[in-house]
Amino acid sequence: MSELKVYNSLKRQKEVFTPLYPGHVGMYVCGPTVSGESHLGHARPYITFDVVYRYLQHLGYKVRYVRNITDAGHFEEEGREAEDKISKKAQLEKLEPMELVQKYTNLFHWAFREFNTLEPSIEPTATGHIIEQIEMIKTIIDKGYAYEVNGSVYFDVKKYASTHDYGILSGRVLEDMLETTRELENQDEKRNKVDFALWKNAPPEHLMRWPSPWGEGFPGWHIECSAMSSKYLGTQFDIHGGGMDLQFPHHECEIAQSEIAHGELMARYWMHNNMITIDGRKMGKAYNNTIRLTELFSGDNYQLEKPYSPMTVRFFILQTHYRSTLDFSNEALQAAEKGLQRLWAAYDVLQKLGYTKTEGALNEDLDKQVRTWCEECQDFMNDDINTAKVLANLFEITPVINSLKGGQIKMHEISEDTFQLIKKTWKTWLIDILALEPENQASDNNTLDGVMQLIIEMRKEAKSRKDYAASDRIRNQLLAAGIQLKDEKDGSVSYTIQ
RNA sequence: GGUAUCGUGGCCGAGCGGCUAGGCUGAGCUCUGCAAAAGCUCCUACAGCGGUUCGAAUCCGCUCGAUACCUCCA
């Protein structure tokens, strides 16, 4: 069996994954800033790393998955007047900052339950770790890599770069950045343009503020991740994940701070998911092309032709490798919707199908092919979490499942072992790891089922009288009501709720 | 301007030097009272131009095009 390899942004290549402590994995993923509603773009990292989390557990690791909630807000733009994003909006909406934070945190949790993501082991908030952040800043100052100006504290990037590799993750060259970083206003507090804030002095109108050795203020935008990851995962841990757009400056700054404070590289494997684009452009507030998750589920956005269910979106995301960009379009979402329904239908068939020995010889080629498809899934996942290929193999197996039911393939053509392997494969990958659980669970409604059996019986009688007008009317009206009848090969009738 | 990434059939997307994924759409056929579902078959692509190689979508160079980061950003 193959070993798990992941693409490490730090080394720009795939590497065999070896945890720091055998049997245990520490994983930190940059979480949401709860100053507003999550959009489709945000779905990608949390779904991607949900699969990573599930897969690591499947491999037998005990995983501590930490994903923060950024509720302290960042200042709007470095160098400009410091403004707390969250406080600014709260004032507009006449809400307490924490009220706003609570609202969007709840909404975030709701949306990602809809996406069937597992909850992280620890979900620390920035506001809950002000003390840890201050302590870390003090350490960095003590070590001589940060300086205070007017109640704010900045990290001295130039000094850091003289002895350490600043740019190790993002490939930046400090000299280039010193030359090319564009002019920003109010930069005079910093010794160099590339320096970044660890602590910002809070202007009087700023609502979110905490006392510190440097006066009242709030933490800079990178320090929370360094402080909280080290608290819960140790000063060095296994996997740090997040969107590619965080690689620079966010993750680069995290590395620099942590290196000084703790004396070691904070994370050994850095995994970055690519962006979701729309019409070829990154989806983001700056482009005015976001689709909020609530809009996505309701269809209420000018870019949407119809609503898309959380599972459709999850499937859509997993059908692409996480390091590729993924372009949103209604056509692509609708294709995903149909494809997923096909997988679910096959899974449903599989649930009801038992292995019944029939007379005849084994079809060795088929049997072998099916086994290969099943076994490859693990290899695909080991190859940098290639969910796209896993799904492709499930689609390869789908006609086999349907043919076993339809009789195009006889049971004896595959061995019982292989049959059980198919069942296990689908359960493991579709349900447990990719976590694409069927959404319509209405079939365990006994009342409805009783009614349906009666209607089906009545239609059968009409058919036996060759009263096709009546039988078709029943079928068509049920369809209009959202219930699809299927005349099975063996004469029975099943139904699905749309 | 700097630094990267990418350009695959009608659409979405795998792909990491040879065996030409997969999904959706379209066409035909089988099954069916008719449908639906399902099964089978077909539509065989890698931006362009050079180069390396027995052999390239895959490696190298150039050209064209697109995107991302350099500023909050998943």
Side-chain angles (χ1 to χ4, degrees), chain A residues 12 14 29-33 35 38-49 73-80 83 85 167 170-173 175-177 179-182 184 194 221 241-250 252 272-277 280-287 290 315-316 319-321 323-340 342-343 345-346 349 380 383 386-396 398-403 405-409 463 466-468 471-472 475-476 479 484-489 494 496:
Chain A
R12 291 161 189 266
K14 287 180 198 170
V29 174
C30 289
T33 301
S35 61
S38 298
H39 61 72
L40 175 58
H42 298 112
R44 193 148 195 208
Y46 308 129
I47 289 173
T48 297
F49 288 103
H74 298 317
F75 43 87
E76 212 71 78
E77 258 182 312
E78 193 179 8
R80 287 206 187 161
E83 300 179 291
K85 234 156 82 177
S170 58
R172 307 279 148 160
V173 178
E175 285 69 33
D176 291 347
M177 292 176 56
E179 284 168 21
T180 60
T181 300
R182 82 177 75 156
L184 294 168
V194 289
W221 29 302
M244 257 178 197
D245 49 355
L246 295 181
Q247 212 171 59
F248 189 89
H250 185 56
E252 197 71 60
H272 292 99
N273 62 274
N274 215 317
M275 301 292 102
I276 289 181
T277 59
R281 292 208 77 120
K282 177 182 166 184
M283 183 176 286
K285 275 185 181 166
Y287 303 114
T290 58
F315 174 81
F316 174 66
Q319 221 183 355
T320 307
H321 185 83
R323 282 192 291 112
S324 300
T325 55
L326 172 58
D327 198 49
F328 169 88
S329 71
N330 282 283
E331 210 181 349
L333 257 295
Q334 282 162 33
E337 190 172 69
K338 288 191 180 172
L340 179 58
R342 191 145 175 271
L343 290 183
V349 167
F380 294 155
D383 186 14
N386 199 329
T387 56
K389 291 191 93 173
V390 172
L391 284 168
N393 268 27
L394 295 185
F395 276 112
E396 294 278 17
T398 296
V400 176
I401 294 169
N402 288 327
S403 294
K405 183 197 174 198
Q408 293 94 337
I409 296 173
K463 278 178 75 173
K466 298 215 187 289
D467 183 359
Y468 295 124
S471 70
D472 287 356
R475 188 175 63 199
N476 293 338
L479 187 63
Q484 167 108 60
L485 290 186
K486 283 186 204 168
D487 292 328
E488 302 290 355
K489 282 252 184 332
S494 64
T496 54

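The figures that follow rest on heavy atoms only: side chains count, while hydrogens, waters and symmetry mates do not. Chain letters run A, B, ... following the sequence lines, proteins first and then strands; every chain starts at 1.
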Inset, instruction - Look at all strands and tell whether A:Ile409 reaches a base, only sugar-phosphate, or nothing, counting heavy atoms closer than 4.0 Å. - result: nothing
Inset, instruction - Please confirm whether any donor atom in the side chain of A:Arg281 sits under 3.5 Å from an acceptor in the base of B:A68, or the reverse. - result: no
Inset, instruction - Would you indicate which nucleotide in B:C34, B:G15, B:A74 comes nearest to any side-chain atom of A:Asp472? - result: B:C34
Legend entry - Between B:U58 and B:A47 - C1' atom distance, rounded Å: 15 Å
Legend entry - Atom C1', compared across B:U52 and B:G61: separation rounded to whole Å: 11 Å
Inset, instruction - Verify the stacking flag for A:Phe395 against B:G23: centroid separation must be under 5.5 angstrom and the ring planes must differ by under 30 degrees. - result: no
Legend entry - Runs of at least three consecutive pairs that involve RNA chain B, where pairs are Watson-Crick or G-U with distances under 3.5 Å: B:1-7 with B:64-70, B:10-12 with B:22-24, B:26-30 with B:38-42, B:47-51 with B:59-63
Inset, instruction - Let me know, please, whether A:His42 or A:Arg323 comes out on the 5' side of the other along RNA chain B by nearest nucleotide. - result: A:Arg323
Inset, instruction - Could you please name the option among B:G13, B:A74, B:C70 that lies closest to any side-chain atom of A:Arg44? - result: B:A74
Legend entry - Donor-acceptor pair under 3.5 Å, A:Asn393 side chain vs B:A21 base: no
Legend entry - B:U32 OP1/OP2 closer than 4.0 Å to side-chain N/O of A:Lys463: no
Legend entry - Polar pair under 3.5 Å, donor/acceptor by atom type, side chain A:Arg342, base B:C24: no
Legend entry - Donor-acceptor pair under 3.5 Å, A:Lys282 side chain vs B:C73 base: yes
Inset, instruction - Consider the side chain of A:Ala388, meaning its heavy atoms from C-beta on, and name the nucleotide among B:C70, B:A14, B:A37 that approaches it most closely. - result: B:A14
Inset, instruction - Answer with base, sugar-phosphate or nothing: what part of the nucleic acid does A:His272 contact at a heavy-atom distance below 4.0 Å? - result: nothing
Inset, instruction - Return the nearest nucleotide to the side chain of A:His321; candidates are B:A14, B:C34, B:C70. - result: B:A14
Legend entry - B:G51 and B:C16, which share atom name P, separated by this distance in whole Å: 26 Å
